[in-house]
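The structure appears right after this line, and notes come after that.
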Amino acid sequence: MKKRIDNSTQNDNLIPSDDYEYEKELAKQETEKQRLAQQRLEEQQAEFERKKREEQRRRERQIAQDKLDLMKMKAGVADESEEIKEVHEEKRVLTGKEKISNFWYHEKMWICFAIFIVAVVGFMVFDTLTREKADITIIMICDNALSGDTTLELLEERIERYTPDLNGDGEIHVQIMDCALNEYSSDSYYTTNSQKFYANLQQGSIIMVLTDSNTDPDHQALMVDDLEEVLPDNPYIDEYGLSLNMQFLADEIQCENMPNDIHLCLRRPVSTLDDSLEDMQENYDINLEIFIDLANALAQEAQECGDEGLSTEPSPLYGSESETDSEETSEVDSKAEDSVSE
């Protein structure tokens, strides 16, 4: 006869009595929570079904009443006071957050557009108010080493020494506008710079222009050519204007390869789209005084330091490369013929 194993004694030995009772109580509480949650869920479901049935009965009664009223009206029994009236549900009053959320949902596209417009206008106003206004502006149409940012800043600082505060903002600022124009070059910006140049020519306040030997003759014809009569004793004044062929100036503005053909010119006073001849003549007279002070100061410094001028020759016109190539080709052909005859 097999012996019977008593498992109850073993289980009691595996789990202490205190822990067993604690675990049993937790399980009981969890079961009660689940029962209560299930009961609430069933009650909510029952309440939902009850309201749904009531709403369905209300609609059915309303439909039946509407049909009855309609039949009475067709039969001529009902009067105006018994006409069918549409029943609207009472409009719910939205809270503050709900109003904001509802407004954003319907108007967000216009709100974003308005924010964008305000930001653009604000930036333009800020840029206009904070932008440093130039007392004089110089257009640079020569195509050479002067285009470097550091070089232009240093050249602006040199010219600012002889420039008064013309706009009365308490600051002296000279602006050099880079519009390199060399129709023989392959510069993709030539068309853009040309449009920029002609647009700024309509401003009678822009008088000074930086040119070189590659400047278009039509552009050079816009400049005055009688400055030698105004400054007859200045060796750096010629028919084009003020020659910047000065080594000390190139060193000062950190332009190592500055060519010796750069000139600072003055435009002829004319009537423009923006200014009358009288206004431009007034601006010309102001710029002429600055020009004279600058020219005399540079000539004196050059004389004092014994400046011998620049050694860098002007850049050749791109259109002349073909002539150079043809000359080299003819020289090679002649050498070849001589070798054959020998």
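From a predicted model like this one, the values you see are computed outputs, not experimental measurements. Positions are given from 1 along the sequence. Hydrogens, waters and symmetry mates play no part in the numbers below; they use all other heavy atoms, side chains included.
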State whether the number of non-hydrogen atoms from other residues, nucleotides or ligands found under 6.0 Å of [X] atom [atom1] is greater than 12.
X	atom1	result
Q303	CD	no
D149	CG	no
E256	CD	no
Y236	OH	yes
E308	CD	no

Check: [X] side chain, [Y] main-chain N or O, donor-acceptor pair, under 3.5 Å:
X	Y	answer
D212	D261	no
E156	I176	yes
N245	L310	yes
N283	G204	yes
D135	N167	yes
T215	T211	no
E160	V174	yes
R267	V224	no
N193	A180	yes
N234	A295	yes

Does any donor atom in the side chain of [X] or [Y] lie under 3.5 Å from an acceptor atom in the other side chain?
X	Y	result
Y198	H219	yes
Q38	Q34	no
D285	Q281	yes

Decide yes or no for [X] and [Y]: does some side-chain heavy atom of the first lie under 4.5 Å from some side-chain heavy atom of the second?
X	Y	result
S271	E278	no
T312	M258	no
Q195	T191	yes
P269	I207	no
K196	M177	yes
Y162	I292	no
I262	S243	no
L264	L294	yes

Transitively linked via ILVMFWY side-chain contacts under 4.5 Å: [X] with [Y]?
X	Y	answer
I206	M140	no
L277	L288	no
Y240	Y284	no
V270	M208	yes
I138	I286	yes

Nearest atoms (heavy-atom pairs only) where [X] meets [Y]:
X	Y	result
Q203	D275	C-OD2, 3.8 Å
P259	E313	CB-O, 4.1 Å
I141	F197	CG2-CD1, 3.6 Å
T150	Q254	CG2-OE1, 3.6 Å
N260	P314	OD1-CD, 3.3 Å

From [X] atom [atom1] to [Y] atom [atom2], the distance as rounded to the nearest 0.5 Å:
X	Y	atom1	atom2	result
C305	Q300	SG	CD	11.0 Å
K24	Q29	NZ	CD	13.5 Å
F113	E107	CZ	CD	14.0 Å
I253	L146	CD1	CG	5.5 Å
D238	E228	CG	CD	6.0 Å
M223	H263	CE	NE2	12.5 Å

Between [Y] and [X], does any NZ, NE, NH1 or NH2 come within less than 4.0 Å of an OD or OE carboxylate oxygen?
X	Y	answer
R58	E54	no
E42	R35	no
D225	R268	yes

Could you walk me through whether L181 and N214 pass the side-chain contact (heavy atoms from CB on, under 4.5 Å) check? CA-CA 9 Å; L181 292 179; N214 290 336; over 6 Å; no
Run D165 and E171 through side-chain contact (heavy atoms from CB on, under 4.5 Å) and show every step you take. CA-CA 6 Å; D165 183 12; E171 302 283 340; 5.8 Å; no
Would D216 and Q220 satisfy side-chain hydrogen bond (donor to acceptor under 3.5 Å, both in side chains), going step by step from the backbone distance to the final call? CA-CA 6 Å; D216 191 314; Q220 190 65 54; over 6 Å; no
Residue pair H173, K133: steps toward the side-chain contact (heavy atoms from CB on, under 4.5 Å) verdict: CA-CA 7 Å; H173 177 55; K133 299 179 181 179; over 6 Å; no
Does E60 form a salt bridge (charged side-chain N to carboxylate O under 4.0 Å, His left out) with K67? I'd like the steps, not just the answer. CA-CA 10 Å; E60 290 175 355; K67 288 182 178 179; over 6 Å; no
R57: which of R59, E55, R53 passes side-chain contact (heavy atoms from CB on, under 4.5 Å): R53
State which residue, out of L231, I159, I136, fulfils the side-chain contact (heavy atoms from CB on, under 4.5 Å) condition with F291. L231
Stepwise side-chain contact (heavy atoms from CB on, under 4.5 Å) test for T137 and S205: CA-CA 8 Å; T137 299; S205 59; over 6 Å; no
